[in-house]
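These notes are about the structure you will find just below.
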Amino acid sequence: MTNHWIDIQYSDCVLIMGSNAASNHPISFKYVTKAKENGAKLISVDPRFTQTSSKADIYASLRSGSDIAFLGGMINYILENNLIQEKYVKYYTNAPFLVNADFKLPGDNDGVFSGLKDAKYDKSSWSFQTDSAGVAKKDMSLKDPNCVYQLLKRHYSRYNLDIVSRIAGTPKEKLLEVYEEYAKTGATGKAGTIMYAMGWTQHTVGVQNIRTMSIIQLLLGNMGVAGGGVNALRGESNVQGSTDQCLLFHILPGYLKTPVASLPTLAEYDAKNTPTTVEPNSLNWWNNYPKYVASLLRAHYGTGVSLEDSYTYLPKLDDGKNYSWLSLFDAMYKENFTGFFAWGQNPACSGASSNKTRQAMGKLDWMVNVNIFDNETGSFWKGPDMDPKKIKTEVFMLPCSASIEKEGSITNSSRWMQWRYKAVDSPGEAMPDGEIISELFYRIKELYEEEGGPLKEAITQMTWDYGPKDIDGKVRHLDAHYIAKEINGYFLEDKEINGTLYKKGTLVPSFAFLQGDGSTSSGNWLYCNSYTEKGNMAARRSKKDESGIGLYPEWSWSWPVNRRIIYNGASVDPETGRPWDKEHPVIVWNGSSWVGDVPDGVAAPGAGRPPFIMKPDGVGSIFGPGLVDGPFPEHYEPLECPVESNLMSPQFVNPTIKRWDKEGTGTDVDARATCDPRFPIVCSTYRVSEHWQTGLMTRWCPWLAEMQPSMFVEMGIELAKNKGIKNGEIVTVKSVRGQVDAVAIVTDRWKPFNIDGNTVHEVGIPWHYGWITTKMREYVHGDKKPEVFTFGDSANIVTPFIGDANTMIPESKAFMVNVERKEV
Amino acid sequence: MDISRRGFLKISGTALMASGIGINLKPVAAHAQPLKIKYAKETTTVCPYCAVGCGIIVSARDGKVINTEGDPDHPVNQGSLCSKGGSIYQLSVNKNRLDKPLYRAPYSDKWEEKSWEWMIDKIAKNVKKSRDASFTLKNEKGQVVNRTEGIASVGSAAMDNEECFIYQKFLRGLGLVYIEHQARI
């Protein structure tokens, strides 16, 4: 979230699309309700009429996978009717920038942008025209036919009401109603917000779904303001934090790039990854990149290893190779791994195409599974269709502590880092994850010290100062405070900065003080300022709030540098410095400095500094050449869809996605069935309030399991009638990859779509179930015995093995199935 | 009692849970009809489910959770919780929690209980064997890569920030490149 939960109440229009916040982030709705009480309109756009829809002023349905068409239509509406916040667009976005004249739009180029070759774009034409000094040329009148604004207008002129309605199945008058209401937030001083979740990310065009809305937010001046922003409702208590700490192949803590093989030295790595700018007023914050890398290397190896050697020790990726989730399980299926850690995760149910994932696990020599309950991953070898006698995988199931049995911090969707305390000991011999990691580290280090091995120094020289130590030099008890301090960072030598002396061994006050010469450490520059000489900021509980807009700056801590609304420099007029919204100012110039939220790199009013300081040119990217699949979002159909062609262009699906289903590249488990009469129904996955993710934690909790005991498929009355299915019957949901049994829930919340004159049905399935059920559960004395046992297996048995072109997040929100009564 | 973690590993299984048992206050609580959470130790926590980050107060007595409820001081949830957040008591008081390391040998059809020491030692040896067999100093182009493509890891958004940080540090020290977690799916 660029903004935060409490801030939603200041919105004038809340759009919830790709999310069912009322059900899946229930407490967020406290602030949606407050916004409504303050006069805001709530718009719910969803294929299904959800709990969120039931509270909305306007509900519009759309077929899963048509979001870009739907939102592209909104961009067209905004531009046709000139409803943009003009000054914001001119000064705070790249709308005036002139694009290379060779650049071609999909409407003039068979549905793809210029430069496509072998499923990959050569982006040389996706560039800006520059003057002799290399600065991008601009037309502040926005009239030049090559300027971003005019290209945007031309591109989305194709997204008229008629074609959007034919693609999405949304009635034209409903589209217009949504567009009119949301576009009102383009008025100066008005704010609109978007709340989205996996309904947008789990598509082959996932990033472009979000890009389309980001463009709308920039056009309407909704970024950086109270009640605005682009707000991802993240689904796990610390998925923001685990992303920030970068447990992902392509990034190191603080979103630094994982080194690649072509960059053998730290200097080459820094040169490649540190952006430069010739825009005279741009701050270009990433200019500090080398300082953050040097500080991270110090946090890994300390001062005993040179920065250069520390860099060498980091594993390098092959240039251009993808190592993400789907690639990982594909490699496992193809027997490329001998060992596997499934730590605090249940991929046997959570990964797309579960049959492939589960079979892949049988091709390992060993697997370590760390969790608080038994689960389908650790016990995969005794799951359905598995014969333990034929499965070689050695499995270690390690019991870990629950959240209230250890101390440490987690980061919520608002970027708030909040400290948690230990309430009780763990059951039996269960240990905190951190202790288990530490034990493994010490034992492996010992083995390398005793026996040697390739590049053993990368392990044996790693620092591990995470608590008071025993005589043997090992940490006695892992102490989360020690780690939190290392993440923040220390001065490693006395350092004078701007006339102040910072002593060796003291904590760095904020990332502005980090150094590139190895004299500071910081495990994660984004978190530098979270644990300082003033104490543990994440543990703060003061309710003091002088902001008037619920920032609560002394409650916990928010990255970066306790800023609660990022890009807040865009909340004020570029010339006068006065807030666009006088009733809800985020920052205010008091004559000598900014007060309110921590200002986001903002210079004095009228200084001309553009507010999007993480971008080299300082402005919001309406034209975004950084993505692999186009500088503007374009509608493409999901890999599996009910239509034979893309009504928008001759290009059917996203041309840049990695395909496993093509002959020669895939395996028999990667089948695809699009527009196939055997699988005529669109299917989407979703969640319910009472369960969480694969249900690993919630299925074991009797109160929750009894409220939602079984796998179900929700379908419309018309479809059920066609199929002869009655409410409550057990049915089978089948895709070309597998099948799962479910209870039929027949409701009028699903309506058939009229897609270009054809009736198309869609159904929805939750993904919280697995073959381990409450039949296997022991009850605590006094708990009511269940009348119904949970049943069902994972929705992911039927989802496709295909990912977004940029992120490789699987397309679990739009694929094709059939539903049939179960033959008894 | 301040046993080091390694000491604990060695004695676990024989001296089960000597620590963590406090003073028994039950006789006192039996007097009249005291509030359920009287004499309980209160700690604050943040909900382990979705990322709204609601505050929760945990009341424990005799080392056991006796109540969990929304934290009224928390500025986001102001005391309210959803069905999941309201049930975290059952995450702690739950007979089905894993409480012993379990081992499944190749081709076996059952779990065996093992000590932590045995498990950690065996996993460490497996890691070393896999890493050493697959470690690549240079790729096919002759570029220095210092990695292993023989081990993969997924997880975890369920860990604390501090644990995530040391986990990525540990994995990258081993040379893993296949590092993924919930954020990707």
Side-chain angles (χ1 to χ4, degrees), chain A residues 5 26-27 234 236-237 239 241-243 245 247 261 315-316 323 325 328 337-339 341 343-345 366 388 392 394-395 397 399 402-404 408-409 412-413 418 420-421 423-425 427-429 433-434 439 441 443-444 447 453-454 459 462 476 480 483 552 689-690 692 700-701 703 778, chain B residues 4 12 20 43 45-46 48-54 58 60 75-77 82-83 87 90-91 95-99 102 104 106 109 120 124 126 128 130 132 135 143 145 147 150-165 167-168 170 173 175 177-181 183-184:
Chain A
W5 299 115
I27 303 303
R234 307 208 64 175
E236 306 224 9
S237 59
V239 74
S242 58
T243 309
Q245 311 309 334
L247 280 165
K316 314 285 182 300
Y323 300 80
W325 184 277
L328 187 159
F337 305 131
T338 49
F341 289 100
W343 203 300
Q345 192 167 9
W366 56 269
K392 65 173 176 173
E394 188 179 29
V395 184
M397 179 121 79
S403 57
I404 59 173
S409 73
N412 74 0
S413 218
Q418 303 191 86
R420 303 195 287 202
Y421 298 88
V424 291
D425 283 334
E429 298 175 36
D433 298 276
E439 290 308 323
F441 167 77
R443 186 68 191 110
I444 293 168
L447 288 174
I459 303 157
M462 189 160 256
R476 177 186 294 269
I483 308 172
Y552 295 100
S689 282
E690 295 77 14
W692 190 63
W700 293 105
C701 293
W703 295 339
E778 278 187 63
Chain B
S4 80
S12 68
T43 46
T45 191
V46 176
Y49 289 116
C50 89
V52 173
C54 297
V58 182
V76 174
N77 61 310
C82 74
S83 48
S87 73
Q90 291 193 329
L91 285 177
K95 282 198 170 174
N96 300 283
R97 281 284 300 279
L98 293 171
D99 59 358
L102 299 174
R104 184 258 177 187
D109 61 357
I120 294 287
N126 281 353
K128 183 163 191 304
S130 290
D132 290 359
F135 202 81
Q143 298 163 320
V145 291
R147 68 180 179 222
I151 309 174
S153 167
V154 300
S156 176
M159 295 200 288
D160 290 348
N161 282 315
E162 295 72 28
E163 293 170 328
C164 290
F165 177 75
Y167 190 49
Q168 72 80 33
F170 164 68
V177 282
Y178 282 100
I179 300 173
E180 288 284 290
H181 83 286
R184 187 78 66 189

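The analysis underlying the following values was restricted to heavy atoms, covering all of them including side chains, and did not include hydrogens, waters or symmetry mates. All of these numbers come straight from a predicted model, not from anything done at the bench.
- Not counting sequence neighbours, the partners of A:Y323 by the ring pair (Phe, Tyr, Trp, His ring centres under 6.0 Å) test are A:F249, B:Y178.
- Heavy-atom pairs under 4.5 Å with chain B peak, among A:Y552, A:F441, A:W325, at A:W325.
- The contact between A:W5 and chain B is made entirely by side chain atoms (from C-beta outward), counting heavy-atom distances below 4.5 Å.
- For the set B:D160, B:D109, B:L102, B:N161, the entry with the most heavy-atom pairs within less than 4.5 Å of chain A is B:N161.
- At least one side-chain heavy atom of A:W366 sits less than 4.5 Å from a side-chain heavy atom of B:I151.
- Taking CD of A:E439 as the reference point, atom CD1 of B:I120 lies at 6.0 Å (rounded to 0.5 Å).
- Across all non-hydrogen atoms, the minimal contact from B:S156 to A:G344 is OG-O, 2.7 Å.
- When every heavy atom of B:G53 is checked against every heavy atom of A:N412, the shortest pair comes out as CA-CB, 3.9 Å.
- Residues B:R104 and A:M397 form no side-chain contact, since every pair of their non-hydrogen atoms from C-beta on lies 4.5 Å or further apart.
- If you tally non-hydrogen atom pairs under 4.5 Å between each of B:T43, B:N77, B:N96, B:V177 and chain A, the highest count goes to B:N96.
- In this structure a side-chain-to-backbone donor-acceptor pair under 3.5 Å is missing from B:E180 to A:L328.
- Ring geometry, A:W343 versus B:Y167: the interplanar angle falls from 30° to 60°, so the pair is classed tilted.
- When the candidates A:L247, A:I404, A:I483 are compared by the number of heavy-atom contacts under 4.5 Å with chain B, A:L247 comes out ahead.
- Among B:S130, B:P75, B:G155, the residue making the largest number of heavy-atom pairs under 4.5 Å with chain A is B:P75.
- Listed options B:A124, B:G150, B:C164 were ranked by heavy-atom pairs under 4.5 angstrom with chain A; first place goes to B:G150.
- For the set B:S87, B:A60, B:C54, B:A152, the count of heavy-atom pairs under 4.5 angstrom toward chain A peaks at B:A152.
- When each of A:R234, A:Q345, A:M462 is checked for heavy-atom pairs under 4.5 Å with chain B, A:Q345 comes out on top.
- Note that the NE2 atom of B:H181 and the CD atom of A:E236 stand 7.5 Å from one another [nearest 0.5 Å].
- The nearest pair of heavy atoms linking B:V58 to A:A423 is CG1-CB, 3.6 Å.
- Side-chain contact between A:S413 and B:V52 is absent, with no heavy atoms from C-beta onward closer than 4.5 Å.
- In this structure, chain A has heavy atoms under 4.5 Å from both the backbone and the side chain of B:V154.
- B:E162 contributes no side-chain N or O that, together with a main-chain N or O of A:A480, makes up a donor-acceptor pair within less than 3.5 Å.
- Using a 4.5 Å heavy-atom threshold, the side chains of A:C701 and B:L91 count as touching.
- Ranked by heavy-atom pairs under 4.5 Å with chain A, the list B:Q90, B:Q143, B:R147, B:E163 is led by B:Q90.
- The closest donor-acceptor contact from the side chain of A:Q418 to the backbone of B:V46 lies at 3.5 Å or more, if one exists at all.
- Here A:S689 pairs with A:S23, A:P26, B:S83 under the side-chain contact (heavy atoms from CB on, under 4.5 Å) rule; sequence neighbours left out.
- Both the backbone and the side chain of A:Y421 come within less than 4.5 Å of a heavy atom in chain B.
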